[in-house]
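These notes concern the structure reproduced below.
Chain letters run A, B, ... following the sequence lines, proteins first and then strands; every chain starts at 1.
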Amino acid sequence: MSMTGESWVTTTFDTLEDWAARNSFWPFPFGTACCAIEFMSTVSSHYDVSRFGAEVVRFSPRQSDVLLVAGTINDKMGPVLKKIYDQMAEPKWVISMGACACSGGFYRAYHVMQGIDEIIPVDVYVPGCPPTPEGLIYGILQLKEKVARDREHQRRMNRESKDQEKTQSVNTGAPTV
Amino acid sequence: MSTLAPPQSETTATPELDAVRAKFPAGSILPQDGLDQPVWIVSKDVLFDVARELKENPQTQFDMMLDLFGVDFPDREERFEAVYSLYSLQRKARLRLKVPMREDDVTLPSMVSLWKGLDWFEREAYDMFGFGFDGHPNLRRILCHEAFQGHPLRKDYDPARRWILTEDKIYKPHFDLPETGDEMFERMTINIGPSHPAMHGTFRLMAVLDGETIVASDVEIGYLHRCFEKMCETHTWQHVIPYTDRLNYCSAFINNVGYCRTVEKMLKVEVPPKAIWARMILSEFSRIMDHCVCNGTTLVDAGGLTNFWYMFQPREEIYGLLESVCGARLTVSACRIGGLIQDLPPDFEARSRKLLEMIPPLVDDVEKLVNKNRIWIDRSVGVAAISGEDAVNWSWTGPCLRASGVGYDVRRAHPYDLYDTLDFEVPVLYGGDVYDRFRIRMLEIRESLKMIRQLLDRGMPSGPWIVDDPHVALPSKEACYNQMEAMIYHFKLIMDGISVPEGEMYSMVEGANGELGFYVISDGTGKPYRIHCRPPCFPIFSAFPGLIKGGSVSDAIVSLGGLNVIAGELER
Ligand code: SF4
């Protein structure tokens, strides 16, 4: 479907879209604590996360597709995090960076949420306190694979359900779409 | 070389204090002897007058209220104690006031009219212990959320008892403002944060705007309150070290040192010279790192992203050094009570020297980019300025105070470790604005480099890196596996922890953003009875609404970064 110089590439639109989505995450850094500092290190020159296509950091939930929760989330912050997640458009994914976001970390305490999965779904958990930048990058790569896998899976599901519909409509005589 | 700093103050019987005490009825003030600094037990009824006298009497001049916090002793008849910590810049003297209270009567007079810095401290004491403060302008919870019930630092509060906040309960501010009288104009209230890059992810600013000008504002914090003080009470003394890392996580190592020094003073152990030497070098490197992040983010907030990349480079290099010392980059936990985590790596000196070469050019680059930059100067000079007098009244310490012309630095005023043997300057600037707060950090980076160079030139002291005391430091692995006693000590230390003698202690270090103090109480068991951290940025940030009043929103944004408010330390 595209032409570069003299050569042609043919593909389906779905594949193209998949390829784009998983190679250019736009993270929303929900950074609250120490992990956010390591997130900054990951983004800055030394580790340079742009090598993996995830450097377009957006602070607006409307413009981003990966919610990167870096830091402790406490009960006061809970409603805020939930709201940001709800405001993000589909498709969206969540990376939980660090022990605190994953499970409350070593704060088994009266004001700390014991993992963000109490309120929002999480796709990739990155362990560590804080995770090293390498760890975070690995998490991003994992998400990449997951996105590819999930979309493939979803398409197959769609196709199957369409096939089913078709079979049904053939049997009932209703018009097929 | 001893870890025991020179006595921080005169013995308890000081004539100035006695003169003040004589003015009040006998029995209302009881001095407590034999502690690390003069302590008075003051009765609640005379508290306000005593405090005012201490502040205004030219003999005592306690112009700064460093701290206020509560302690709970459920077994005592007077169950609660409010502890005030006073400091006199002129006389370099300290005084601690303890106010005992019965459980059924926990209301104190508010002293915000004397020291504005107490505003948030009183709210914190209300939140954590349920103390009341008569006459406080805005006494509501500060760290815990709006739906929270009970007072978590009371001893009978279960450390893991949570309350859930729902969106309908979130605080909405009310501003009582006089009418402008002009119906053509409408004021607008805007909300920035907490999830906003300019608010560094964890603060919430609500401001009323008249056109472009902020006429009133309120800040809300507590979005990172993670119960440091309560967690300390449920862990052994050694286990507290990782928690201290996460106070000011931009310079975690300094927190380690501050905490370990306090406990070492209580234990009266002598830290080996090698550990002290390394602690100082790593503390100064941590300070550089902290200043780099602070100035880097300030410039980002002002729109200069390039500097941020430049400023992060020294950080990465210093991370490398820390990683070689302890294996972690950010949250290092590299100190142990009595010394360091392990021996220094063989290339420690060489690496440190290399850093000394590497950092100055990077700092120069940033200075070249901004020092004559018209945009930066226009946005920072004269913005959010505060006078030295006000800064003292707000209990500011650290670089922000020194940018307002008050040269208080713990390393100079109360030298600890080897600071009295080093040749360094305490930079002082007089503008008190965003520009000077930025510049002072640049100057301090160079001073820190100077100190590190002097220490390296002295050479690494030989000897052990941790005290040789089996009641304090873990025996070596080899000894553990081969000797019965060593194994027993190991077992005891791991299972029961260090047993710190009964008593209390306050000691402080110069953190990257001011006086970082730890007040600890031990009841002789393996766990701390109470640990309170004096967070330098807590009073600094409490002055923020006043600083930005009358400025524009963009001024508010650019002034936050320079205050170096680190949420982990602010809210603990
Ligand atoms: S996981 Fe560790 S480093 Fe990350 S926010 Fe929690 S305490 Fe800080």
Does some side-chain heavy atom of Arg329(B) sit less than 4.5 Å from a side-chain heavy atom of Pro133(A)? yes
Can you confirm whether His46(A) sits close enough to Phe312(B) that some side-chain heavy atom of one is under 4.5 Å from a side-chain heavy atom of the other? no
Is a donor on one side and an acceptor on the other found under 3.5 Å between the side chain of Asn74(A) and the backbone of Tyr223(B)? yes
Check each atom of Ile170(B) against the heavy atoms of chain A and say whether the ones under 4.5 Å are side chain, backbone, both or neither. side chain
Tell me, please, which residues at least two apart from His235(B) pass ring-ring contact (aromatic ring centres under 6.0 Å, His included). Tyr243(B)
Could you tell me whether a side-chain N or O of His111(A) sits under 3.5 Å from a main-chain N or O of His145(B), the two making a donor and an acceptor? yes
Is Lys76(A) close to Leu143(B) at the side-chain level, that is, under 4.5 Å between some pair of heavy atoms? no
Between Leu330(B) and Ile37(A), which heavy-atom pair has the shortest distance, and what is it? CD1-CG2, 3.8 Å
Among Ala160(B), Gly568(B), Gly222(B), which has the most heavy-atom pairs under 4.5 Å with chain A? Gly222(B)
Residue among Ala147(B), Pro242(B), Ala328(B), Gly150(B) with most heavy-atom pairs under 4.5 Å to chain A: Pro242(B)
Which pair of heavy atoms, one from Arg226(B) and one from Tyr107(A), lies closest together, and at what distance? O-CD2, 3.1 Å
Check this for me: His239(B), atom NE2, are more than 12 non-hydrogen atoms of other residues, nucleotides or ligands nearer than 6.0 Å? no
Would you find more than 12 non-hydrogen atoms of other residues, nucleotides or ligands less than 6.0 Å from Trp163(B) atom CH2? yes
Heavy-atom proximity to chain A below 4.5 Å, by part of Leu247(B): neither
Checking Tyr310(B) against chain A: side chain, backbone, both or neither under 4.5 Å from a heavy atom? neither
Closest-packed option against chain A by number of heavy-atom pairs under 4.5 Å, given Met231(B), Glu167(B), His225(B): His225(B)
Quick check on Lys354(B): does its NZ atom have over 12 non-hydrogen neighbours (other residues, nucleotides or ligands) under 6.0 Å away? no
Looking only at Ser41(A), Pro61(A), Gly31(A), the option with the highest number of non-hydrogen pairs under 4.5 Å against chain B is Ser41(A)
Check each atom of Phe106(A) against the heavy atoms of chain B and say whether the ones under 4.5 Å are side chain, backbone, both or neither. both
Heavy-atom proximity to chain B below 4.5 Å, by part of Lys82(A): neither
Comparing Pro79(A), Gly78(A), Ala33(A) against chain B, the one with the most heavy-atom pairs below 4.5 Å turns out to be Ala33(A)
So which atom in Thr72(A) and which in Leu224(B) form the shortest heavy-atom distance, rounded to 0.1 Å? O-CD1, 3.6 Å
Interatomic distance, SG@Cys250(B) vs CE@Met40(A), rounded to 0.5 Å, equals 7.0 Å
Selection from Arg204(B), Glu316(B), Arg162(B) maximising heavy-atom pairs under 4.5 Å formed with chain A: Arg162(B)
Select one option (side chain, backbone, both, neither) describing which atoms of Val112(A) are under 4.5 Å from chain B's heavy atoms. both
Which answer fits Arg315(B), side chain, backbone, both or neither, if we ask what part of it has an atom under 4.5 Å from a heavy atom of chain A? side chain
Could you go through Tyr110(A) and His151(B), starting from their C-alpha distance and side-chain angles, then the distance that decides it, and tell me whether this counts as ring-ring contact (aromatic ring centres under 6.0 Å, His included)? CA-CA 10 Å; Tyr110(A) 58 84; His151(B) 301 286; over 10 Å; no
Within a strict 4.5 Å, meaning less than it, do heavy atoms of the Cys129(A) and Arg246(B) side chains meet? yes
Among Glu38(A), Lys83(A), Gln114(A), Arg108(A), residue most engaged with chain B (heavy-atom pairs, under 4.5 Å): Glu38(A)
Evaluate whether atom OH of Tyr138(A) has more than 12 neighbouring non-hydrogen atoms of other residues, nucleotides or ligands under 6.0 angstrom away. no
Could you tell me which portion of Glu220(B) (side chain, backbone, both or neither) has an atom closer than 4.5 angstrom to a non-hydrogen atom of chain A? side chain
